[in-house]
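Just so we're on the same page: letters track the sequence lines, and every chain starts at 1.
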Protein chains: 2
Amino acid sequence: MNIGEIARRAGVSRSTVSYALSGKRPVSDDTRQKIQRVIDELGYRPNASARALANGRTSTLGLVFPPAGTHYTGMQLDFIGSVVEAAAAYDYDVLLSPSGADSDRSFQRLLGERRVDGAILMEIRLQDDRIDHLVAENFPAVCIGRTAQPDGDWWVGLDHTALAAACVDHLADLGHRRIALVNRPERMLRAGYESAHRGLDGFTKAAAERGLTARTYNCGDDAPSGHVCVEQILRDDPATTALVTLNEAALGGIYRGLAAAGRHVPRDFSVTGVVAGRWAETVTPQLTAADVPAEQMGHLAVELLVERLDHPEAAPRHHLLTPPISLRASTGPAHTHPDAGPGSNA
Amino acid sequence: MNIGEIARRAGVSRSTVSYALSGKRPVSDDTRQKIQRVIDELGYRPNASARALANGRTSTLGLVFPPAGTHYTGMQLDFIGSVVEAAAAYDYDVLLSPSGADSDRSFQRLLGERRVDGAILMEIRLQDDRIDHLVAENFPAVCIGRTAQPDGDWWVGLDHTALAAACVDHLADLGHRRIALVNRPERMLRAGYESAHRGLDGFTKAAAERGLTARTYNCGDDAPSGHVCVEQILRDDPATTALVTLNEAALGGIYRGLAAAGRHVPRDFSVTGVVAGRWAETVTPQLTAADVPAEQMGHLAVELLVERLDHPEAAPRHHLLTPPISLRASTGPAHTHPDAGPGSNA
DNA sequence: TTGAAAGCGATACCAT
DNA sequence: ATGGTATCGCTTTCAA
């Protein structure tokens, strides 16, 4: 059933039905009602493909994120959920594209075949060929995260440098002198992931400024890797009394590794980091952390994208967020653990 | 740029370009190469809307799941990830629809406007108006979960009855005599969520068969509710020594509540349940649980849907899964806790 | 092996 | 206030 059928049954022309639906031209109350009655009766809905072809808009947003090589982190998943929800409020549907690279089939389909009106990108790298591509085509996109040169882009990002530094300061204030960073996997660092890079920067500089002894580690995005990483940290320097994690997926393993080594959190070891709030609250003890406001960021990204779609010539806008540290239960004053003596091995 | 432009530049007709692309009609090597050269040069990709309009297929699957009223559970998110990944392997994109009810705008768009070729539904209710609607329209869909009368449907589901029973048996085998069930929120039970209903059934019957004292609780889908729920359980019957949870999101709070009450897991309290495997491994101690194979289920659902799309007349198929209990670290032999004496209050 | 032209189902311009 | 019709970009039948 199509618009022609409706027109025929209502005894009007197709254009009149179209205008009655869109309201882009006045239609007499009489015919409007006649049309509406037929539509209700037949349960007619205009075909999205035909409409998209005719007016050049799909009413769909693309959400681009790397394929779940291993698994998604809670944070990534929170982004997805919030983007979908926000998009629905603007009557946009969301098309998911598991693409890490410019060359991915799904990414090409999204853009080249014009399946979406605009795109939101996650997991940004400092140099990101996907973004280069989008900019070159002047394709409306908004990034969750920012590249090394974000000035021409639309984005909503986190000040990872400041966040990691705030974690270090928090620990230093509590008297910790030997700390460690649990970063994302080395592969992500090499690929240029911005959070891993900027977080590392912030951690390193803040530790230097506060005169702390600091070591940095790369850790796989899963609990077992977190466990192994903690073992390594305590082996390298048993006097370590605190750590900062940028790696949410490893958190469970980090806690377990600490417990296995006989370090009680927060009595004789403090843990903090940059983690989505709701996941910080699932672990025991609850994590004191710079909460990533995933929900807010997803909403802002959609808001920016819709604005950009409505005003194609608008100047780039962005939001740089620096959420405060939420004090919970995983950090406390520094104490030296008995195992921390020289030559000992936890 | 469109197919006409390509045709002009290659000096052939539009139909020849189309056939060169689809391979549905032989094209001489010579012209094929000529066309391909032009296409590469201009970076041409056929417009998805036009193609969908012409041949009636969108190459898009819909994924329907309830809006994140509160937040998504890890399990739901795992489904989303695995469905997207599996769909990509078949060159389908996935359109997300946050719809809990037949009447949701997004759901209507998906079906009525024919934005997708088929749909995958999550969070199935025993009576589900979305499914009734789909069946009535003979719209190709596959459910993750099953209704009370699933025989005519395509689905991949879990035997929640058996899973809950297996948890009870496991606890009974360890000598536990007084146990509790932490179910999903009452709102979900009232709405008819199949996992909550069938799980409750399985738990209740198995407990009766093994002659256990069992209580059942509804619990909000978040950590704080889990904490409160445990307090309630221990208040109602301090002699309780184990619980089964169908509520993944409450798990963190359950652990915390137990710790706060001075019950050590698994020494003097055992916890088990039905939870997605990777989340069972993030908590400490790791949860002994019937692991929901979310990834496998997502893949199977896509596989079934693709099959159904390719063979519109095929008879309904389904997969009923009963994953075994993975023994981890959260259950142990029953001991009576000192606080469990009559009149005491942990 | 190839071309011409009729759809697919909407929108929107040009008439009346 | 309404109708007729060209148009969006592709697929596919019919002819040659």
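Taking the 5' to 3' direction, DNA chain C first and last meets chain B under 4.0 angstrom from a heavy atom at C:dT1 to C:dG9. In 5' to 3' order, the nucleotides of DNA chain D bounding all contacts with chain A (an atom under 4.0 Å from a heavy atom) are D:dA1 to D:dG9.
Listed by first and then second residue, the side chain to side chain donor-acceptor pair (under 3.5 Å) pairs that reach into residues 31-42 of chain B are B:Ser28-B:Thr31, B:Gln36-B:Asp40, sequence neighbours excluded. Listed by first and then second residue, the ring pair (Phe, Tyr, Trp, His ring centres under 6.0 Å) pairs involving residues 112-157 of chain A are A:Trp155-A:His318 (not counting sequence neighbours).
In terms of the side-chain contact (heavy atoms from CB on, under 4.5 Å) criterion, residue partners of B:Ile124 (sequence neighbours excluded) are, by chain and number, B:Leu121, B:Asp128, B:Arg130, B:Ile131, B:Cys143, B:Thr147.
Considering all non-hydrogen atoms of both residues, A:Gly152 and A:Pro316 come closest at O-CG, 3.4 Å.
The stretch residues 14-23 of chain A touches DNA chain D through A:Arg14, A:Ser15, A:Thr16, each having a heavy atom within less than 4.0 Å of the strand.
Looking at heavy-atom distances under 4.0 Å, B:Thr31 makes contact with sugar-phosphate atoms alone, never a base.
Residues A:Thr16 and A:Ser13 have side chains that bring a donor and an acceptor to within less than 3.5 angstrom of each other. A:Thr58 and A:Arg51 form no side-chain donor-acceptor contact under 3.5 Å, judged by distance and modelled atom types alone. A donor-acceptor pair shorter than 3.5 Å cannot be found between the side chains of A:Arg115 and A:Ser97.
In this structure, B:Arg125 places its CZ atom where more than 12 heavy-atom neighbours from other residues, nucleotides or ligands lie under 6.0 Å away. For B:Gln127, the CD atom counts as loosely surrounded, since its 6.0 Å shell holds 12 or fewer non-hydrogen atoms of other residues, nucleotides or ligands.
Using modelled atom types, no side-chain atom of A:His311 and backbone atom of A:Glu307 make a donor-acceptor pair closer than 3.5 Å.
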